[in-house]
**Q** 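This is the structure I have questions about; it appears just below.
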Amino acid sequence: MNQNDPSQFDAAKSDVQRKTLEQRDQIDELARLRHSCAHILATAVLRLWPDAQLDIGPWTDEGFYYDFDLQHRFTPDDFPKIEEEMRKITKENQVFEKSIKTRDEARAHFEAKGQRFKLERLADIPEGEAISFFQNGEFVDLCAGPHVMRTGNVKPGAIKLLRVASAYFRGNEKNPQLQRLYGTAFKTKDDLENWIKLQEEAKKRDHRRIGAEMGLFAFDSDYVGPGLALWLPKGGVLVEELERLAKETEFQAGYVRVRTPHLAKEKMYKTSGHLPYYAESMFPPMELAEDGAPAATEAAPAGAPPRHVERYYLKAMNCPHHHRIFAAEPRSYRDLPLRLAEYGTCYRYEQSGELFGLMRVRSMNMNDAHIYCTAEQFAEEFRAVNEMYLKYFRIFGLDRYQMRFSTHDPSRLGQKFVNEPELWKKTEDMVRQVLIESGINYIEVPNEAAFYGPKIDVQVWSAIGREFTIATNQVDFAVPARFGLTYRDRDNTEKTPLCIHRAPLGTHERFIGFLIEHYAGNFPLWLAPQQVRVLTIGEEQPLLDYAKGIVQELRSQFVRVEGDFGSNPIKAKIADAEKARVHTMLVIGLRDLEAGVVSVRLHSKGPQGARPKAEAIAGIVSDIRERR
RNA sequence: GCCGGUGUAGCUCAGUGGCAGAGCAACGGUUUCGUAAACCGUAGGUCGUCGGUUCAAUCCCGACCACCGGCUCCA
């Protein structure tokens, strides 16, 4: 697929801004409170820094923010002072008063105050729409509302400034950067304190932290490079298990596996249409002279004839390679659908500030496949792909997800979208039909399709509230033609196949990053890097023999097992195993040896009692096989 | 890429313009312990990198790198 590492998650945020005045009246109480806090914040900042230029101050899922432009650079040291002023304002119990102004009045107001951003915001309001203002105390703001009745409705102890950040005016990087103050507020002080505790819990679930604690992955920006993850042995287990799951699932769904190199000639990406548009997101090319010598290091002798230079690019997506596999042999309609699968490694030069743990990296392994099919086969193939998504979600206990169905905008055919109005309509109808029939929860987003066809992105929320696109499923009715891909149809004519790009498990990097937070590192048995540890109480020889036998038996059944036969007290061994998040601990002493049992303890679930040895082993093996 | 913050042992963090510190982990002993931490000892560092100020810089100044929080971007 080609838009893998997907996360168009911010689009929804701006929806908040687009709500009409009527819709805004229905905004819930917490949002009103927070929006009012944004005004209180602006009031406080103006009192402390009267020269501040104001932009806007909406509420967010987490709280609120307000954007300012001023000489003074905010630092967290300013927070107590600002918070103090905000508390004062709540105690002044100012009324939020709404008024409607004419456009001229509004303009005159902001011109008098010298608020240039506000004048631009004013110009955004469509003709004919009411221009409303809210005033609390001395502070007047252009604002659609809604607000609480009085500043006193906000409890002084339930406000907290969180951080200072910067943001481009109107979110455009060509515009000036403003200083954004983020804060949050709750109905009560208890709610706020509770939220702070939850934030601390969330920090402990951060995949970067757990990844280091458990020895799953590492970054070595000195020697390897930023955004290039190293999988340590325990993280490698997660990679292998996911790949095994994908391979089994895809095998049963009739996929065939291929393998392709990590780079290709420039011509590949010119043909696919990715160059020159996306060259900036790719690593710079390697340039080779005709004879294979590195072009850049050769100082050309004066008068030497120019040498032919070939450019190779690290691949940022797998589809072109798969297209060339399709092209490698003559194809008949009898070969379709052809489902080419590969865990392909792609490289994308993400901007430095965009890198984020495993979630946003520069090298990634994609659960990719391209399904080449006829128009008649399309609906069935697309449905099967969706079912595969749902199967995976069940396995991972993933119930909070949303599918975003991105469609084209007919007015931009031939520009943003390939000019095939009938194909667009046809494929979009088919996709919509499949979604409705499967009873899947989805939203439709116009104008966000890929240039070559409609797509579905799957958004998930990790346990700590991070939202991102984990998977994608795209229809492509354009690029196969650019590569001249055809099959010979029943009627003996050459036809161009449709192509479905799909990556239900996204990339290893992001998917595992997500799973780490989803499970808080407490993986189910089948995924756990350390599935079983045998802990001995005492060092008598018969006991050690018994314990070693158990390890041997489990290992022969491919269970990831290790023994802790050292001299530490059992309490210490258990503490070690718990800290390492070993899924199942088998604690054995002489008592167990005599009874032929093992004492089972599950990570973070405590002791489970004794079970006959053979039964315990069989249970572990079957749980793993059934991916529990 | 942009704005701001941070960078001291494997990890969590103290600290000072004049010989670099703790806890945990590691390693070596002692301990033989029944479900989250027995005891003693040892070792561990170019204080992110480079440059400047200074008799002297981990500390002050500058640049760079990396990471963190945002913004932008994400085929």
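Convention: sequence-line order gives letters A, B, ...; per-chain numbering from 1.
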**Q** Mark yes or no for a side-chain to base donor-acceptor pair under 3.5 Å between R360(A) and C73(B), with no hydrogen or angle criteria applied.
**A**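 Present.
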**Q** Can you confirm whether M364(A) sits close enough to R510(A) that some side-chain heavy atom of one is under 4.5 Å from a side-chain heavy atom of the other?
**A**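 No; the side chains remain at least 4.5 Å from each other.
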**Q** Which value, in whole Å, describes the distance between the C1' atoms of nucleotides A38(B) and G70(B)?
**A** 48 Å
**Q** Just the rounded figure in Å: distance from P of C33(B) to CG of D576(A).
**A**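 Interatomic distance, CG of D576(A) to P of C33(B): 19 Å.
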**Q** Run the side chain to side chain donor-acceptor pair (under 3.5 Å) test against S363(A) and tell me which residues pass, sequence neighbours left out.
**A** none
**Q** May I ask you to say whether R163(A) pairs ionically with E62(A), meaning some side-chain N is under 4.0 Å from a carboxylate O?
**A**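 Looking at E62(A) together with R163(A), the answer is yes, because their closest N to O distance falls below 4.0 Å.
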**Q** Quick one: F451(A) CZ to C74(B) C1', roughly how many Å, whole number?
**A** 15 Å
**Q** Check whether any side-chain heavy atom of Y313(A) lies under 4.5 Å from a side-chain heavy atom of E266(A), and answer yes or no.
**A**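 Sidechains of E266(A) and Y313(A): in contact.
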**Q** If I pick the C1' atom on C68(B) and the same atom on G45(B), what distance separates them, to the nearest angstrom?
**A** 24 Å
**Q** Does the side chain of T407(A) come under 3.5 Å of the side chain of E428(A) through a donor N or O and an acceptor N or O?
**A**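 No donor-acceptor contact under 3.5 Å links the two side chains.
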**Q** Polar pairs (N or O, both sides) under 3.5 Å between protein and nucleotides 28-32 of chain B?
**A**
residue: U31(B); atom: O4; partner: S567(A); partner atom: OG; Å: 2.6
residue: U32(B); atom: N3; partner: E539(A); partner atom: OE1; Å: 2.3
residue: U32(B); atom: O4; partner: E539(A); partner atom: OE1; Å: 2.6

**Q** Just checking I574(A): base, sugar-phosphate only, or nothing, at a heavy-atom cut-off of under 4.0 Å?
**A**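 If one applies the 4.0 Å heavy-atom cut-off, I574(A) turns out to touch a base.
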**Q** Please classify the nucleic acid contact of K573(A) as base, sugar-phosphate, or nothing, using heavy-atom distances under 4.0 Å.
**A**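 Nothing: the residue K573(A), judged by heavy atoms under 4.0 Å, touches no strand.
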**Q** Strictly under 4.0 angstrom, non-hydrogen atoms only: write out the protein contact profile of nucleotides 1-8 of chain B, one letter per nucleotide from the 5' end, B, S or -.
**A** BBB-----
**Q** According to a strict under-4.0 Å criterion, is R601(A) in side-chain N/O contact with OP1 or OP2 of G34(B)?
**A**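 Answer no for this pair, as no side-chain N or O of R601(A) is under 4.0 Å from OP1 or OP2.
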**Q** Do K315(A) and P320(A) have side chains that approach each other closer than 4.5 Å (heavy atoms only, starting at C-beta)?
**A**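 A side-chain contact under 4.5 Å is absent here.
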**Q** Only stems of 3 or more consecutive Watson-Crick or G-U pairs count here, both distances under 3.5 Å; name the ones for RNA chain B, or none.
**A**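 Only these stems qualify: B:1-7 with B:65-71, B:10-13 with B:21-24, B:26-30 with B:38-42, B:48-52 with B:60-64.
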**Q** How would you label the contact of M585(A) with the nucleic acid (heavy atoms, under 4.0 Å): base, sugar-phosphate, or nothing?
**A** nothing
**Q** Take atom CE of M359(A) and atom P of G69(B), then tell me their distance rounded to the nearest Å.
**A** 12 Å
**Q** Could you check whether atom CD of Q541(A) has more than 12 heavy atoms from other residues, nucleotides or ligands sitting under 6.0 Å from it?
**A**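 For Q541(A), atom CD is crowded (more than 12 foreign heavy atoms under 6.0 Å).
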**Q** Rounded off to whole Å, could you give me the NE2-to-C1' distance for the H583(A) and U35(B) pair?
**A** 17 Å
**Q** Taking atom P in both U31(B) and A37(B), what distance in whole Å separates the two?
**A**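 Roughly 22 Å separates the two P atoms.
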**Q** Rounded off to whole Å, could you give me the NZ-to-P distance for the K605(A) and A36(B) pair?
**A**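 Checked: the NZ to P distance equals 16 Å.
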**Q** In whole angstrom, what separates F356(A)'s CZ from C73(B)'s C1'?
**A**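 Rounded to whole Å, this separation is 16 Å.
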**Q** Across the strands shown, which category fits G171(A) at heavy-atom distances under 4.0 angstrom: base, sugar-phosphate, nothing?
**A**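 Counting heavy atoms under 4.0 Å across all strands, the contact made by G171(A) is with sugar-phosphate only.
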**Q** On RNA chain B, nearest-nucleotide positions of I588(A) versus L355(A): which is more 5'?
**A** I588(A)
**Q** Provide the distance between the two P atoms, one in C11(B) and one in A26(B), to the nearest whole Å.
**A** 15 Å
**Q** Quick one: are the ring centres of H501(A) and Y452(A) less than 6.0 Å apart?
**A**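 Centroid distance H501(A)-Y452(A): below 6.0 Å, so yes.
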**Q** Could you tell me how far G23(B) sits from A66(B) if I compare only their C1' atoms? Round to whole Å.
**A** 27 Å
**Q** Hey, are the side chains of Y372(A) and L340(A) touching, using non-hydrogen atoms and a 4.5 Å cut-off?
**A**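 Side-chain contact under 4.5 Å: yes.
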**Q** Is the count of non-hydrogen atoms from other residues, nucleotides or ligands lying under 6.0 Å from K613(A) atom NZ greater than 12?
**A**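 Above 12, so yes.
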**Q** How many Å lie between OH on Y223(A) and P on C65(B), as a whole number?
**A** 18 Å
**Q** Could you state the CZ-P distance from R581(A) to A36(B), rounded to the nearest angstrom?
**A** 17 Å
**Q** Between U49(B) and A43(B), how far apart are the P atoms? Round to whole Å, please.
**A**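 Per the computed distance, 24 Å lies between those P atoms.
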**Q** Would a 4.5 Å heavy-atom cut-off, applied to side chains only, mark P284(A) and R311(A) as touching?
**A** no
**Q** Side chains of E509(A) and M359(A): closer than 4.5 Å at any heavy-atom pair?
**A** no
**Q** Tell me what R180(A) touches on the nucleic acid: a base, only sugar-phosphate, or nothing, going by heavy atoms under 4.0 Å.
**A** sugar-phosphate
**Q** Are there any protein N/O atoms within less than 3.5 Å of an N/O atom in nucleotides 41-47 of chain B, and if so, which ones and at what distance?
**A**
none

**Q** Decide yes or no, distance alone: a donor-acceptor N/O pair under 3.5 angstrom between the base of G48(B) and the side-chain of D222(A).
**A**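 For D222(A), whose side chain was compared with the base of G48(B), there is no donor-acceptor pair (under 3.5 Å).
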**Q** Applying ring-ring contact (aromatic ring centres under 6.0 Å, His included), run through H508(A) and Y343(A) and close with a yes or a no.
**A** CA-CA 9 Å; H508(A) 278 321; Y343(A) 248 107; 4.1 Å; yes
**Q** Any side-chain heavy atom of R581(A) within less than 4.5 Å of one from E213(A)?
**A** yes
**Q** Any Lys/Arg nitrogen of K197(A) or E200(A) sitting under 4.0 Å from an Asp/Glu carboxylate oxygen of the other?
**A**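 Answer for the salt bridge query: no.
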**Q** Distance between the C1' atoms of U8(B) and C13(B), in whole angstroms?
**A**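 Result for the C1' pair: 9 Å, nearest Å.
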**Q** Expressed as a whole number of Å, how far does the P atom of G62(B) sit from that of G7(B)?
**A** 15 Å
**Q** Once you apply a heavy-atom cut-off of 4.0 Å, does L590(A) come out as touching a base, just sugar-phosphate, or nothing?
**A** base
**Q** Using a heavy-atom cut-off of 4.0 Å across all strands, would you classify R208(A) as base, sugar-phosphate, or nothing?
**A**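 Sugar-phosphate only.
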**Q** Show me the donor-acceptor pairs, under 3.5 Å and distance only, between side chains in residues 531-538 of chain A and residues at least two apart or in other chains.
**A**
residue: Q531(A); atom: OE1; partner: R560(A); partner atom: N; Å: 2.7
residue: Q531(A); atom: NE2; partner: L525(A); partner atom: O; Å: 3.0
residue: R533(A); atom: NE; partner: E562(A); partner atom: OE2; Å: 3.0
residue: R533(A); atom: NH2; partner: Q530(A); partner atom: OE1; Å: 3.0
residue: R533(A); atom: NH2; partner: E562(A); partner atom: OE2; Å: 3.0
residue: T536(A); atom: OG1; partner: D564(A); partner atom: O; Å: 3.3
residue: T536(A); atom: OG1; partner: K573(A); partner atom: NZ; Å: 3.1

